Amino acid sequence: MSTDPIDVVLIGGGIMSATLGSMIQRVQPDWSIRIYESLGAVAQESSNPWNNAGTGHAALCELNYMPEAADGSVDPAKAISINEQFQLSRQYWASLVAAGHLPDPRTFINATPHMTFVRGRDNIRYLRKRYEALKDQPLFEGMEYSEDPATIGEWTPLLTKKRSTKQRIAATRQSAGTDVDFGALTRALFDDLVDNGAELALNHRVRSIKRTSDGLWRIKVRHEVGHTPHEATARFVFVGAGGGALHLLQKSGIPEIKGFGGFPISGQFLRTSDPKIVAQHKAKVYGKAAVGAPPMSVPHLDTRVVDGETSLLFGPYAGFSPKFLKSGSWWDLPGSVRAGNLGPMLAVARDNFDLVKYLVGELLANRAKKMKALQEFMPTAKSEDWELITAGQRVQVMKKDPKRGGVLQFGTEVIAAADGSIAGLLGASPGASTAVPIMIDLLQTCFPDHYAGWLPTLKKLIPTVGTTLNDRPEEAARVLSETAAVLDLADHPAGQVATA
């Protein structure tokens with residue numbers, strides 16, 4: 001490895017680092033890039049396909065983006081915004097596929113209908129209002145709604161088979177949804193990065209980040225095989241280490257990280273690969289979250305396509321672990337406490353009793369209770385057909401709030417130094433699906449002197465960057481159609497996948 005200052009150091013081998021590195025390599029190909037990953041392969045934490053549900057989050061089925069207001073109204077604005085962001089990701093992936101920088105798109109993305117499924121009068125009334133608010137929005141064109149069990153059973157039989165005819169149900173379906181293997185996508189992006197000159201240092205754990213007197217960043221790294229230390233200097237550092245980002249940003253000493261804390265939530269899923277069961281369900285079906293449950297714990301029964309094999313995944317069942325990464329330390333949470341974030345963390349604990357109660361209930365849930373939750377979606381589910389797998393860790397952002405002292409935030413947040421020389425990403429869903437717009441914002445924030453010069457290249461890769469689609473129906477239809485064609489989504493429903 002060169003001892004000269006590196007232009008860009010990416011810490012963490014997940015989808016965020018892969019996306020940022022890929023974009024920088026497109027707009028500034030002469031910059032040197034090095035990636036440090038503490039594990040022996042990339043995409044092993046939250047980007048691993050079995051550590052997430054692989055939903056291409058476009059707000060087609062996720063109810064938490066459109067909560068019902070106190071007056072009973074539902075506002076589609078956030079759902080539209082999330083969908084707009086996902087379209088930028090789709091455009092970027094399509095451009096890389098068309099240019100040969102990504103492989104056969106069916107290795108990482110597949111057409112999979114997105115559905116929402118609810119039971120009971122109040123939930124049905126809400127879903128109907130949500131449908132009415134979305135059905136005429138250009139980015140949601142084609143959304144269907146039904147309260148007829150026969151129709152819902154045609155969409156996906158497992159929801160209605162052996163369900164009581166006395167139970168009132170309703171569902172929406174959007175056939176233009178997707179299932180994304182973010183592990184495969186991450187690996188492909190890193191392969192392209194390395195093929196074009198980037199250095200990938202696996203089994204290298206970053207121990208500290210300190211600013212030098214000349215404005216560079218000194219990065220101390222330990223090789224996990226043999227524990228050999230080495231140092232590097234960088235002009236720009238991105239901390240995309242998932243749950244590990246908080247610790248490293250704290251070690252950097254930037255004032256912008258003060259007051260931020262992390263609340264880790266672990267999870268489990270039930271999974272089956274039984275062909276007879278899998279063949280009856282080709283959709284991602286989201287329900288309503290339990291009272292007090294975080295948005296990332298919304299129950300859903302998902303088609304997953306991983307390494308060419310189709311499975312079904314149900315969950316997540318939330319839990320608690322003080323680890324910030326699946327491969328992390330039991331000291332991660334207590335080790336993140338600082339004088340500046342203790343107050344906000346205590347305020348969050350005070351104001352989120354429902355969440356604590358929910359997590360305790362999830363921790364105490366036995367397998368029979370987990371199966372009962374699945375059977376509310378799939379009445380014919382049998383325990384012997386499903387295996388329990390442990391998903392990745394999610395670290396929700398806690399930060400200062402002038403009114404309440406501290407607030408628990410569900411979502412992602414970029415933390416950047418005032419001079420833009422270091423930045424990191426905190427938080428969780430819908431992160432991976434919106435990696436491209438998140439990184440566009442980061443480029444704008446951290447490289448203001450370069451961004452205008454980069455914009456023409458970005459617009460070639462992502463034609464609608466800086467604009468919106470939902471207010472331009474014809475343009476929305478064109479972009480959706482073109483990206484679907486390049487990504488091979490139109491004629492290959494989930495289950496018909498490439499195995500390369």
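All of these numbers come straight from a predicted model, not from anything done at the bench.
Between the side chain of E224 and the backbone N or O of R205 there is no donor-acceptor pair closer than 3.5 Å. Between the side chain of Y317 and the backbone N or O of K370, at least one donor-acceptor pair lies under 3.5 Å. Without hydrogens or angle criteria, D7 side chain to S32 main chain gives a donor-acceptor distance under 3.5 Å. Listed for the N203 side chain is no donor-acceptor partner under 3.5 Å among the backbone atoms of H223. A donor-acceptor pair is defined here as one N or O able to donate and one able to accept, closer than 3.5 Å; no such pair exists between the side chain of H114 and the backbone of A176. With hydrogens and angles disregarded, no donor-acceptor distance shorter than 3.5 Å links the side chain of K399 to the backbone of G261.
Residues F140 and A59 come closest through the heavy atom pair CE2-O, 3.3 Å. For the pair F314 and A373, the tightest heavy-atom approach, listed with the atom from each and the gap, is CZ-O, 3.5 Å. Taking each heavy atom of G424 and L249 in turn, the nearest pair found is CA-CD1, 3.9 Å. The two residues L193 and A18 make their nearest non-hydrogen contact at CD1-O, 4.0 Å.
Residues I11 and V237 have side chains in contact (heavy-atom distance under 4.5 Å, counting atoms from C-beta outward). At least one side-chain heavy atom of F236 sits less than 4.5 Å from a side-chain heavy atom of L20. Residues H57 and T434 form no side-chain contact, since every pair of their non-hydrogen atoms from C-beta on lies 4.5 Å or further apart. For the pair L102/F108, a side-chain contact is recorded, criterion being any heavy-atom separation below 4.5 Å from C-beta on. Using a 4.5 Å cut-off on side-chain heavy atoms (C-beta onward), I438 and V414 make contact. Looking at L96 and R26, their side chains come closer than 4.5 Å, going by heavy atoms from C-beta outward. The closest side-chain heavy-atom distance from V9 to W217 is not below 4.5 Å. Side-chain atoms of S89 and Y92, non-hydrogen and from C-beta on, never get closer than 4.5 Å to each other.
Judged as a ring pair (Phe, Tyr, Trp, His ring centres under 6.0 Å), and not counting sequence neighbours, the contacts of Y286 are H300. For the side chain to side chain contact (heavy atoms under 4.5 Å, CB included) test, residues two or more places apart in sequence or in another chain that qualify with S81 are Q85. Checked against side chain to side chain contact (heavy atoms under 4.5 Å, CB included), D214 has the following partners two or more places apart in sequence or in another chain: T212, L216. Shown here are the side-chain hydrogen bond (donor to acceptor under 3.5 Å, both in side chains) partners of S336, two or more places apart in sequence or in another chain: there are none. S329 is linked by a side-chain hydrogen bond (donor to acceptor under 3.5 Å, both in side chains) to nothing, counting only residues two or more places apart in sequence or in another chain. Residues that satisfy the ring pair (Phe, Tyr, Trp, His ring centres under 6.0 Å) test with H101, not counting sequence neighbours, are absent from this structure. Qualifying side chain to side chain contact (heavy atoms under 4.5 Å, CB included) partners for R350, counting only residues two or more places apart in sequence or in other chains: A347, R404.
Residue pairs meeting the side chain to side chain donor-acceptor pair (under 3.5 Å) criterion with at least one member in residues 9-19: none, sequence neighbours excluded. For residues 236-263, the pairs satisfying side chain to side chain donor-acceptor pair (under 3.5 Å) are Q250-R338, with sequence neighbours left out. For residues 52-69, the pairs satisfying salt bridge (charged side-chain N to carboxylate O under 4.0 Å, His left out) are E68-K129, with sequence neighbours left out.
In this structure, OG on S22 lies 9.0 Å from CG on N196, to the nearest 0.5 angstrom. Of the inter-residue distances, the one linking R207 atom CZ with I219 atom CD1 reads 14.5 Å to the nearest 0.5 angstrom. With rounding to the nearest 0.5 Å, the separation of CG in L442 from CD1 in I415 is 11.0 Å. The structure places CD of Q91 at 9.0 Å from CG of L480, a figure rounded to the nearest 0.5 Å. For the atom pair OH of Y36 and CG of L202, the computed distance is 12.5 Å after rounding to the nearest 0.5 Å. The line from CG of L63 to CZ of R130 is 5.0 Å long, rounded to the nearest 0.5 Å.
Each of D179, T116, T303, T178 was checked for a side-chain hydrogen bond (donor to acceptor under 3.5 Å, both in side chains) with K284, and the lone residue meeting it is D179.
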Output, in order, the C-alpha distance, side-chain angles, deciding distance and verdict of side-chain hydrogen bond (donor to acceptor under 3.5 Å, both in side chains) for D419 and S421. CA-CA 6 Å; D419 66 353; S421 64; 2.8 Å; yes
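A side-chain donor-acceptor contact under 3.5 Å links T467 and R472. No side-chain donor from either of Q87 and T464 sits under 3.5 Å from a side-chain acceptor of the other. Side-chain polar atoms of T468 and N470 form no donor-acceptor pair below 3.5 angstrom.
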Which side-chain N or O atoms in residues 453-461 pair as donor and acceptor under 3.5 Å with protein atoms at least two apart or in another chain?
{"from": "W454", "atom 1": "NE1", "to": "Q28", "atom 2": "OE1", "distance (Å)": "2.8"}

Which atom pairs, donor and acceptor, lie under 3.5 Å between side-chain atoms of residues 40-49 and protein residues at least two apart or in another chain?
{"from": "Q44", "atom 1": "NE2", "to": "V42", "atom 2": "O", "distance (Å)": "3.1"}
{"from": "E45", "atom 1": "OE1", "to": "K326", "atom 2": "N", "distance (Å)": "2.8"}
{"from": "E45", "atom 1": "OE2", "to": "K326", "atom 2": "N", "distance (Å)": "3.4"}
{"from": "E45", "atom 1": "OE2", "to": "S327", "atom 2": "N", "distance (Å)": "2.9"}
{"from": "E45", "atom 1": "OE2", "to": "S327", "atom 2": "OG", "distance (Å)": "2.6"}
{"from": "S46", "atom 1": "OG", "to": "Q393", "atom 2": "O", "distance (Å)": "3.4"}
{"from": "S46", "atom 1": "OG", "to": "R394", "atom 2": "NH1", "distance (Å)": "3.2"}
{"from": "S47", "atom 1": "OG", "to": "I15", "atom 2": "N", "distance (Å)": "2.9"}
{"from": "N48", "atom 1": "OD1", "to": "W50", "atom 2": "N", "distance (Å)": "2.9"}

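One finds no salt bridge joining D302 and R304 here, because no Lys/Arg side-chain nitrogen approaches an Asp/Glu carboxylate oxygen to under 4.0 Å.
Within a 6.0 Å radius of NZ in K400, no more than 12 heavy atoms belonging to other residues, nucleotides or ligands are found.
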